[in-house]
Amino acid sequence: MIRISLPDGSVKEVVAGTPILEVITSIGPRLAKAAICAVVDGVLTDVREPLTQDSTLTVLTKEDTRVLETIRHTTSHIMAQAVKRLFPDVKLGIGPAIDEGFYYDFDLTAALADEDLERILAEMKTIVSQNLPIIRKELTVAEARTLLQSLGETYKLELLDELSNLEGETITFFEQGEFIDLCRGPHLQSTGALNPDAVKLLSVAGAYWRGDEKRPMLQRIYGTAWEKATDLEAYEWRQEEAAKRDHRKLGKDLDLFSIHEEGGAGLVCWHPKGARLKRTIEEFWYQQHDLGGYEIVATPHIGKATLWSISGHLDFYRDGMYSPMDIDGVDYYIKPMNCPYQILIYKTKVHSYRELPLRLAEMGTVYRYERSGVLHGLMRVRGFTIDDAHIICRPDQVDEEIRRVYAFSMNMLMAFGFTEFDIYLSTRPHGDKAVGEIERWEQATDALRAALDERGLPYQVDEGGGAFYGPKIDIKVKDSLGRSWQCSTIQFDFNLPDRFDMTYIAEDGKEHRPFMVHRALLGSLERFIGCLIENYSGAFPVWLSPIQANVIPIADRHVEYAHRVADQMRTAGIRVTVNETSERMNAKIRNAQLQKIPYMLVIGDREQDAGSVAVRLRTEEDLGDMKVHDAVNLIRSRIEDKSQQLT
RNA sequence: GCCAGCGUAGCUCAAUCGGCAGAGCAACGGAUUUGUAAUCCGUAGGUUGCCAGUUCGAUUCUGGCCGCUGGCUCCA
């Protein structure tokens with residue numbers, strides 16, 4: 001007998017091997033009917049699985065959001081069944097549930113088009129209406145192999161080979177009608193349990209088998225599934241809202257930047273307003289770095305092959321570099337990274353241990369080859385500016401420096417209004433792929449971990465995910481469509497100090513190798529601005545707004561006073577424009593609103609006589625009449641405190 | 001790079017099952033001088049991404065290239 005603990009604190013004793021569903025039935029037949037899946041010892045589990053040891057059991061019904069994973073997984077099976085009915089020669093890849101939906105990969109001779117998605121969905125609805133029971137089966141490896149061979153599922157056979165090594169002898173399958181699939185589960189109890197009105201097939205995409213581009217490309221169908229049709233509608237509405245925040249659309253609407261076919265893919269042109277935004281960020285960044293103990297440097301855009309050969313870039317990073325250009329018979333490369341030149345600056349003299357830590361920083365523009373298919377607005381480009389710095393320090397300074405730089409990084413990101421991050425700690429790659437002594441790796445990794453723990457924010461550890469040259473912390477922020485983009489990175493480097501033979505003279509009068517840390521806080525300025533645009537939907541806090549105030553004279557006779565007001569504002573350091581077109585006031589307000597200008601200063605006879613302005617906010621709030629200097633003070637204080645508040 | 005889709009005026013989008021390419025906004029000219037999200041009238045704007053091919057005729061069909069979108073892979 002084994003003991004099963006239930007959420008209400010009660011305990012049921014059952015024979016080992018009793019299926020979960022039987023236990024649930026003994027709790028109540030109604031619950032058994034409503035049960036979609038279960039959580040056993042914290043793991044999402046199919047209700048047909050047997051309980052083999054003492055465990056805690058939670059039954060999930062459709063009220064629990066965790067069942068979505070099960071619903072989506074079953075939907076992917078139903079989709080695969082539909083595809084198999086329509087295209088009998090199809091071979092199945094994998095079909096998991098993902099964040100907001102599911103996909104399934106198919107090896108199919110015919111190319112799938114949107115019309116096919118409609119046909120597939122129609123067939124899926126048929127399968128739902130047939131209400132086929134979903135049966136869980138346990139087979140031995142040999143039985144499983146025979147079954148998959150008879151089905152001709154070569155990809156599944158490959159998966160089976162890996163599974164049979166890992167999981168011993170029992171392989172689970174799920175069967176619904178004529179369809180059977182190798183699968184761990186959990187699944188719904190029948191195809192009829194799916195709500196066909198809450199399912200949508202979204203897109204077809206190519207995907208390499210097992211993510212390996214040397215292997216066949218399969219056709220992946222993405223879809224989404226929910227409990228209720230209203231949930232699907234809510235999801236679609238969220239997608240539409242997210243699309244409105246897309247930085248590519250807002251970049252155009254707000255006249256921030258452009259990328260040109262004639263100029264080249266992935267090469268960004270900043271328009272006046274976008275460049276203003278970029279400059280504001282840079283000015284703040286320089287100011288913070290002055291306060292933070294950094295020395296600002298500047299380095300060239302191209303460099304001789306010699307440099308990239310010493311640094312190892314020509315060996316390890318060649319794929320990311322552009323072809324050399326010939327200057328007087330010597331190969332020069334456009335720089336993909338800033339570090340080698342900063343190291344040359346370090347090496348121009350002998351350094352005492354007293355000088356360290358040395359923190360060299362620059363806004364360094366680099367160019368990297370990116371395959372055409374991965375380019376994406378400002379988020380993935382071929383030319384970008386990194387807010388790059390290299391911290392060179394003694395071993396005894398590592399802890400303090402990492403703590404400082406991590407805090408500096410978080411403060412910087414938070415100053416720009418980001419509050420949600422995904423933080424990763426990547427440790428030493430396994431095997432002999434990593435350079436540098438193990439002790440150094442350990443010291444460095446401990447320093448990174450300590451800084452993260454001290455701050456107390458949750459992070460994930462990517463074991464073995466570090467670069468070959470050192471462990472690192474990565475901080476990612478999410479875009480409007482939920483894709484996460486790396487901004488900050490703090491990376492130890494045990495490679496370049498050796499390659500460039502960097503040294504300092506310690507107390508013992510001998511040369512020692514310093515630690516070196518690469519770090520970027522904003523990452524790529526281009527990407528960072530893309531994230532900023534999406535984070536704020538283009539309605540930037542006042543200090544970042546390219547235009548902070550727009551003066552709106554009601555009639556031509558107010559234009560002169562409007563300019564006097566604007567001059568006062570400008571003198572006070574406010575970025576202000578005057579709308580002197582012959583549009584009506586309503587149109588002027590609308591245009592300012594569409595440009596997401598935080599303050600609209602309306603001026604008519606009343607204001608002109610009183611020496612005031614009528615302040616309207618882009619939030620549609622009307623602050624009414626205000627003396628000009630009061631308006632100036634209000635806007636100035638919102639610029640200075642960098643808040644998102646306008647009042 | 002690979003798979004699929006897309007590319008029409010500055011922007012958003014129509015249209016042509018192969019037969020003179022259209023609207024709104026923006027721009028420009030004029031009138032209007034307006035009180036919190038679009039004043040009216042007019043003018044101009046295009047080798048339908050580029051290059052070939054098929055055809056009496058291609059923006060439409062075919063091929064190549066460039067670019068964009070969604071993925072795969074990689075990364076700031």
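Both backbone and side-chain heavy atoms feed into the values below; hydrogens, waters and symmetry mates do not.
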With a 4.0 Å cut-off on heavy atoms, is [X] in touch with a base, just the backbone sugar-phosphate, or nothing at all?
X         : answer
Gln491(A) : sugar-phosphate
Arg220(A) : sugar-phosphate
Leu522(A) : nothing
Arg557(A) : sugar-phosphate
Glu370(A) : base
Val381(A) : base

Counting distance alone, no hydrogens or angles: does the base of [N] have a donor or acceptor under 3.5 Å from a partner atom on the side chain of [X]?
X         : N      : result
Arg584(A) : U39(B) : no
Tyr208(A) : G1(B)  : yes
Arg371(A) : C2(B)  : no
Glu262(A) : G67(B) : no
Asp556(A) : U33(B) : yes

Among [options], the one nearest [X] by side-chain distance:
X         : options                : answer
Tyr369(A) : A38(B), C72(B), G1(B)  : G1(B)
Val374(A) : G1(B), U36(B), G70(B)  : G1(B)
Ser582(A) : U73(B), A31(B), U36(B) : A31(B)
Glu261(A) : G7(B), A37(B), C3(B)   : G7(B)
Tyr222(A) : C72(B), U33(B), C75(B) : C72(B)
Ala587(A) : U34(B), C2(B), A38(B)  : A38(B)
Glu213(A) : U34(B), G71(B), U73(B) : U73(B)
Ile589(A) : G35(B), A76(B), A37(B) : A37(B)

Within 6.0 angstrom of Glu420(A) CD, more than 12 heavy atoms from elsewhere: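 Atom CD in Glu420(A) is not crowded, with 12 or fewer foreign heavy atoms closer than 6.0 Å.
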Surrounding CZ of Arg279(A) (heavy atoms of other residues, nucleotides or ligands, distance under 6.0 Å), is the total greater than 12?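 Atom CZ in Arg279(A) is not crowded, with 12 or fewer foreign heavy atoms closer than 6.0 Å.
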Look up atom OG in Ser545(A) and atom CD1 in Ile635(A), then write down how far apart they are to the nearest 0.5 Å.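 The CD1 atom of Ile635(A) is 10.5 Å from OG of Ser545(A), to the nearest 0.5 Å.
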What integer number of Å spans the [atom1] atoms of [N] and [M]?
N      : M      : atom1 : result
G1(B)  : C65(B) : P     : 10 Å
C40(B) : C50(B) : C1'   : 42 Å
U36(B) : C41(B) : C1'   : 26 Å
U54(B) : U62(B) : C1'   : 7 Å

Would you say the side-chain atoms of [X] and [Y] include a donor-acceptor pair closer than 3.5 Å?
X         : Y         : answer
Tyr222(A) : Arg220(A) : yes
Thr224(A) : Glu100(A) : no
Ser409(A) : Ser488(A) : yes

Tyr235(A) vs Trp226(A) aromatic rings, parallel, tilted or perpendicular, using cut-offs 30° and 60°?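 Tyr235(A) and Trp226(A): tilted rings.
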Ring geometry between Tyr341(A) and Trp308(A) (parallel below 30°, tilted from 30 to 60°, perpendicular above 60°):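 Correct class here is perpendicular.
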Separation of [N] [atom2] from [X] [atom1] (nearest whole Å):
X         : N      : atom1 : atom2 : answer
His376(A) : U69(B) : NE2   : P     : 7 Å
Leu375(A) : C66(B) : CG    : P     : 13 Å
Asn591(A) : U36(B) : CG    : C1'   : 13 Å
Tyr424(A) : A76(B) : OH    : C1'   : 15 Å
Leu112(A) : A4(B)  : CG    : P     : 10 Å

Comparing Lys252(A) and Ala265(A) on RNA chain B - which has the more 5′ nearest nucleotide: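 Mapping each residue to its closest nucleotide by heavy atoms, the 5'-most match is Lys252(A).
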Quick one: on RNA chain B, does Arg616(A) or Asp212(A) contact a more 5' nucleotide (nearest heavy atom)?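 Whichever sits nearer the 5' end wins; that is Arg616(A).
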The test is side chain to side chain donor-acceptor pair (under 3.5 Å); show your working for Gln486(A) and Tyr424(A) and say whether it passes. CA-CA 10 Å; Gln486(A) 183 165 323; Tyr424(A) 299 86; over 6 Å; no
For RNA chain B, what are the stems built from at least three Watson-Crick or G-U pairs in a row, each pair having both distances below 3.5 Å?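 Paired runs of 3+ in RNA chain B: B:1-7 with B:66-72, B:10-13 with B:22-25, B:27-31 with B:39-43, B:49-53 with B:61-65.
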